[in-house]
Amino acid sequence: MSTPPIILDGSVDDPHAELWFAEPPGFLPLPLDNLLAEPGTPGAEALRTATAPLLESAPTEMARQKFVALLASGQRMLGALREFGTVHCAVGLHRDDVRGPADGGAQPLLSLLTVAWRDTSPAPRAATVARVAAELVDHEHIEYVDLPTGPLTLSESVLRPAADSGLPQLPLLQIHARLPHPDCRRLAVLTLSTTATARRQEYRTILRQVVETVRFEKPLGTLRHCPVKRLSGDRAPR
């Protein structure tokens, strides 16, 4: 089996990047800066240019308004994630080829990969991981892992929307990885979320693959050989 090619994202060369990682196949990063750009900025103009053909191709005014409403809803969600320190989002789309014809055949599976920064009390990295693991009282499958990039903890949780939230009443599986930064003052938190709870083992493997590529120093030499699709760099929120 051949190794999938590496696609270098422009953010890899960002001089202010503080974390590098690779996305596995099937994930499309969302341009947060453009989607959440202030009116009148170049990012807002880029978003307007990108969405104009979609609006123009809408068959009716109602369809155009529906598209605008969906975009606004997505912007609110992304804005809320950014307020909690999220610096990267990627939408995953995979085919559930585990299911057979009797189960309806292959179905699309959606997921969301996020990278966020969390401040933490200054402490040695191993001590921070141990403390974080001890505080995960509502999580399952808690693991302490030691990788070349440093110690980390993996865990899983399942959330259910409130009955009056207006959201589909489907359980949301979230698989988390928390990696202390070498400055010992913050955590990089990678989370993979999906409603496909029956595929938790497969999603657990996906996040583990991503975590194994995380570096806090520019790692082009080592990551060129990883079975991943896109290498990105992200900075902490300013």
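Residues: numbered from 1 along the sequence shown. These numbers come from the heavy atoms of this one structure, side chains and all, not from hydrogens, waters or symmetry mates.
Phe21 has its side chain out of reach of Thr149: every pair of non-hydrogen atoms, C-beta onward, lies at least 4.5 Å apart. Using a 4.5 Å heavy-atom threshold, the side chains of Thr114 and Val189 count as separate. With contacts defined as side-chain heavy-atom distances shorter than 4.5 Å, the pair Leu28/Leu93 does not qualify. Side chains of Val91 and Leu30 form a contact here, defined as non-hydrogen atoms less than 4.5 Å apart. With a 4.5 Å cut-off on side-chain heavy atoms, His176 and Leu136 do not count as touching.
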Step by step, would you call Leu147 with Glu212 a side chain to side chain contact (heavy atoms under 4.5 Å, CB included)? CA-CA 7 Å; Leu147 295 178; Glu212 289 175 350; 4.1 Å; yes
Arg118 vs Val132, side chain to side chain contact (heavy atoms under 4.5 Å, CB included): CA-CA, chis, key distance, verdict: CA-CA 12 Å; Arg118 300 281 189 272; Val132 168; over 6 Å; no
Side chain to side chain contact (heavy atoms under 4.5 Å, CB included), that's the test. Do Leu19 and His88 meet it? Break it down for me. CA-CA 11 Å; Leu19 177 149; His88 183 87; over 6 Å; no
Run the salt bridge (Lys or Arg N to Asp or Glu O under 4.0 Å) test on Arg178 and Glu135 for me, step by step, so that the C-alpha distance in whole Å, both residues' side-chain angles and the decisive distance to 0.1 Å come before the verdict. CA-CA 12 Å; Arg178 294 171 173 83; Glu135 294 172 350; over 6 Å; no
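Rounding to the nearest 0.5 Å gives a distance of 4.5 Å between OG1 of Thr86 and CG of Leu81. Taking CG from Leu179 and CZ from Phe216, the interatomic distance works out to 5.0 Å, rounded to the nearest 0.5 Å. Atom CG of Leu71 sits about 7.0 Å away from atom CG of Leu35, to the nearest 0.5 Å. To the nearest 0.5 Å, atoms CG (Leu112) and CE (Met77) are separated by 5.5 Å. Atoms CG and CG, on Leu152 and Asp146 in that order, are 8.0 Å from each other to the nearest 0.5 Å. Atoms CG and CD, from Leu78 and Gln75 in turn, are 8.0 Å apart once rounded to the nearest 0.5 Å.
One hydrophobic cluster holds both Leu207 and Trp117 under the rule that ILVMFWY side chains link at heavy-atom gaps under 4.5 Å. Phe84 and Leu190 are members of different hydrophobic clusters when ILVMFWY side chains are connected at heavy-atom separations under 4.5 Å. Linking Ile, Leu, Val, Met, Phe, Trp and Tyr residues whenever their side-chain heavy atoms come within less than 4.5 Å places Val145 and Ile175 in a single cluster. Note on Val87 and Leu192: same hydrophobic cluster, where clusters join Ile, Leu, Val, Met, Phe, Trp and Tyr whose side-chain heavy atoms are under 4.5 Å apart, directly or indirectly. Leu187 and Val214 end up in different hydrophobic clusters when Ile, Leu, Val, Met, Phe, Trp and Tyr side chains are linked at under 4.5 Å.
Electrostatic pairing of Glu143 and Arg204 does not count as a salt bridge here, judged by no charged N lying under 4.0 Å from a carboxylate O.
Judged by distance alone, the side chain of Arg125 and the main-chain N or O of Pro180 form a donor-acceptor pair under 3.5 Å. In terms of modelled atom types and a separation under 3.5 Å, the side chain of Glu156 and the main chain of Leu173 share no donor-acceptor contact. At distances below 3.5 Å, at least one donor-acceptor pair connects side-chain atoms of Thr213 with backbone N or O atoms of Ala22. A side-chain donor-acceptor contact under 3.5 Å links Thr194 to the backbone of Leu110.
The aromatic rings of His94 and Tyr203 lie perpendicular to each other, with more than 60° between the two planes, well past the 30° mark.
Closest heavy-atom contact between Thr153 and Ala133: OG1-CB, 4.0 Å. Between Pro151 and Ala126, the shortest heavy-atom distance links the atoms CG-N, 3.9 Å. Residue Ala123 comes nearest to Cys184 through the heavy atom pair O-CB, 3.1 Å, listed as atom of the first residue, atom of the second, then distance. Of all heavy-atom pairs spanning Val158 and Pro171, the tightest one is CG1-CB, 3.8 Å.
Environment of CD in Glu140: sparse, with no more than 12 heavy atoms of neighbouring residues, nucleotides or ligands closer than 6.0 Å. Surrounding CG of Asp183 are more than 12 heavy atoms belonging to other residues, nucleotides or ligands, all under 6.0 Å away. Counting non-hydrogen atoms of neighbouring residues, nucleotides and ligands closer than 6.0 angstrom, the OH atom of Tyr144 exceeds 12 such neighbours. Within a 6.0 Å sphere centred on CZ of Arg160, other residues, nucleotides and ligands contribute 12 heavy atoms or fewer.
One side chain, Arg131 or Thr120, offers a donor N or O that lies under 3.5 Å from an acceptor on the other.
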Show me the donor-acceptor pairs, under 3.5 Å and distance only, between side chains in residues 45-55 and residues at least two apart or in other chains.
unit_1: Glu45; atom_1: OE1; unit_2: Arg48; atom_2: NE; d: 3.4
unit_1: Glu45; atom_1: OE2; unit_2: Arg48; atom_2: NE; d: 3.3
unit_1: Glu45; atom_1: OE2; unit_2: Arg48; atom_2: NH2; d: 2.9
unit_1: Thr49; atom_1: OG1; unit_2: Glu45; atom_2: O; d: 2.9
unit_1: Thr51; atom_1: OG1; unit_2: Leu47; atom_2: O; d: 3.0
unit_1: Thr51; atom_1: OG1; unit_2: Arg48; atom_2: O; d: 3.3

